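The structure under discussion appears below in the form of structure tokens.
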Amino acid sequence: MNREKTEQEIREDLRKQFAALYGDAEGVRFFFAPGRVNLIGEHTDYNGGHVFPCALTIGTYAAARKREDDKIRFFSMNGKGNTFTEYRTDDLEPAGKSGWTMYPLGVVWAFAGRGMKLPSGFEMVIYGNIPGGSGLSSSASLEVLTGFVLKSLYGFSVDGVTLAQIGQYSENHYNGMNCGIMDQFASAMGKKDHAIFLDTADLSYTYAPVVLDGMKIVITNSKVKHQLTDSGYNDRRRSCEEALAELQKVVDIRALGDLTPERFEEVKSAIADEDRRRKAKHAVYENARTVRAVEALKEGDIPAFGRLMNESHVSLRDDYDVSCPEVDILAEEAWKIPGVLGARITGGGFGGCTVAIVRNEAVAEYQQTLSRVYRERTGIEAEFYVVDIGDGPREIV
Ligand code: ADP
Ligand code: MG
């Protein structure tokens, strides 16, 4: 995947591929939806807690056009399995379907489920410049992109929050991945140079300017993705649901996110199992950390924000058990480098990326030191992306 390509080059590649596949590129339109990185508030989105993600300037692009007949055609320019797949507008049920096209088709299915049935088919070529399997939410970006394409081609009236909800619904019910709303919300509602402080309990949100004077957000890809990703995620969800049910016998809450750390300490003995207690502890404390982190950012106290990021990592590593040795190396070695304000695992876990805040003058050393240490200890070449915070989905004209 070549992340160096400009948007216009990507657009041209898509146009050529589209014309080669579908005969011509007459009337084709181009779209983009971003990936995201979560600055803090991990595994809180399905616990009625707060998250603090931002959209990135990398994401997924599409060339798309309506068809006269009922065919739906997908092609991806990424990866080996980029075969052309065709469906029909009256055959959207998930049974018997597989592969990456389940993501965009699931969105078509979810639109239909909300009364937005397609009057005709469409054809689409996509290209993503999010590194695969890195935890930067290529799946949410693809879902939000598809929703935005449908809205734009057929004139459906759906706002950004609804696009996010449709994406999450289709990932949950069509792709069997029990994700929370954060990824799709960050992609659909992204705002340049702002992070989104989202309360997942009621979807209320505010934008917080991310003013990093003389600092950069650096994402480091461990390039490992452990098999546990999906099952581990769903297991964590179940632990939290069980812990919540146990707590609800002694305290009146709707979600773990309703508890302060102090209150949690008073009532945690209601959770019978030690492991489940640690999982619930993470959800409660991480939510509180996220609220504090956003306050710190608003006050311009980036060192405090960074310390909370580090604490978040420790909690995800020790209490929530979603880190892995490779990602721990990346975070823990980063903490030792002068000029690194904070570093933590980001995304669902079991591999993927860390996110760090690094002073401009320390970025080169950060990359050199981490690549060397990581190579020595794992044999793997880490990848680094100095990222910018971008807007939500848009048409490229
Ligand atoms: P993440 O969302 O963290 O990147 P996921 O495992 O949730 O990781 O989603 C990745 C999946 O999304 C891929 O395996 C593939 O099925 C689909 N996908 C995302 N982007 C593309 C793309 N550009 N082309 C084809 N499939 C894609
Ligand atoms: Mg995903």
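Heavy-atom basis, side chains included; hydrogens, waters and symmetry copies ignored. We number each residue from 1, following the sequence as shown. Quick caveat: nothing in here was measured; it's all calculated off a predicted structure. Both ligands and their constituent atoms are indexed starting at 1 by order of listing.
Checking Gly128, Ser138, Ser141, Ser139 against atom 7 (O) of ligand 1, the nearest heavy atom belongs to Ser139. With atom 11 (C) of ligand 1 as the reference point, the heavy atom nearest to it among Trp100, Tyr61, Tyr127, Tyr103 is part of Tyr103.
Residue Gly347 places every heavy atom at 4.0 Å or more from ligand 1. Residue contact annotation: Arg36 has no non-hydrogen atom under 4.0 Å from ligand 1.
Partner of Glu123 under the salt bridge (Lys or Arg N to Asp or Glu O under 4.0 Å) criterion, chosen from Lys66, Arg67, Arg29, Lys71: Arg67. Each of Ser139, Ser137, Pro393 was evaluated against Val144; a single residue qualifies, Pro393, per the side-chain contact (heavy atoms from CB on, under 4.5 Å) test. Here the options are Glu286, Arg317, Arg307, His43, the test is side-chain hydrogen bond (donor to acceptor under 3.5 Å, both in side chains), and the partner is Ser312; only Glu286 passes. Under the ring pair (Phe, Tyr, Trp, His ring centres under 6.0 Å) rule, Phe74 has a single partner from Phe122, Phe84, Tyr103, which is Phe122.
Of all protein N/O/S atoms, those under 2.8 Å from the Mg ion (ligand 2) are Ser139 OG, and waters are not counted.
When each atom of ligand 1 is checked for a heavy atom of Ser137 under 4.0 Å away, the hits are 1 (P), 2 (O), 3 (O), 4 (O). Of all atoms in ligand 1, numbered sequentially from 1 with element shown, those under 4.0 Å from a heavy atom of Leu142 are 18 (N), 19 (C), 27 (C). Atom numbering of ligand 1 starts at 1 in the shown order; those under 4.0 Å from a heavy atom of Ser76 are 22 (C), 23 (N), 24 (N), 25 (C). Every atom of ligand 1 is numbered from 1 in the order shown, and the set under 4.0 Å from a heavy atom of Lys225 is 6 (O).
At a heavy-atom cutoff of 4.0 Å, ligand 1 is contacted by the side chain of Ile126 but not by its backbone. Under 4.0 Å from ligand 1, not a single heavy atom of Glu143 appears.
Ring-plane geometry between Trp109 and Tyr174 is classed as tilted, the angle between the planes lying from 30 to 60 degrees on a 0 to 90 degree scale.
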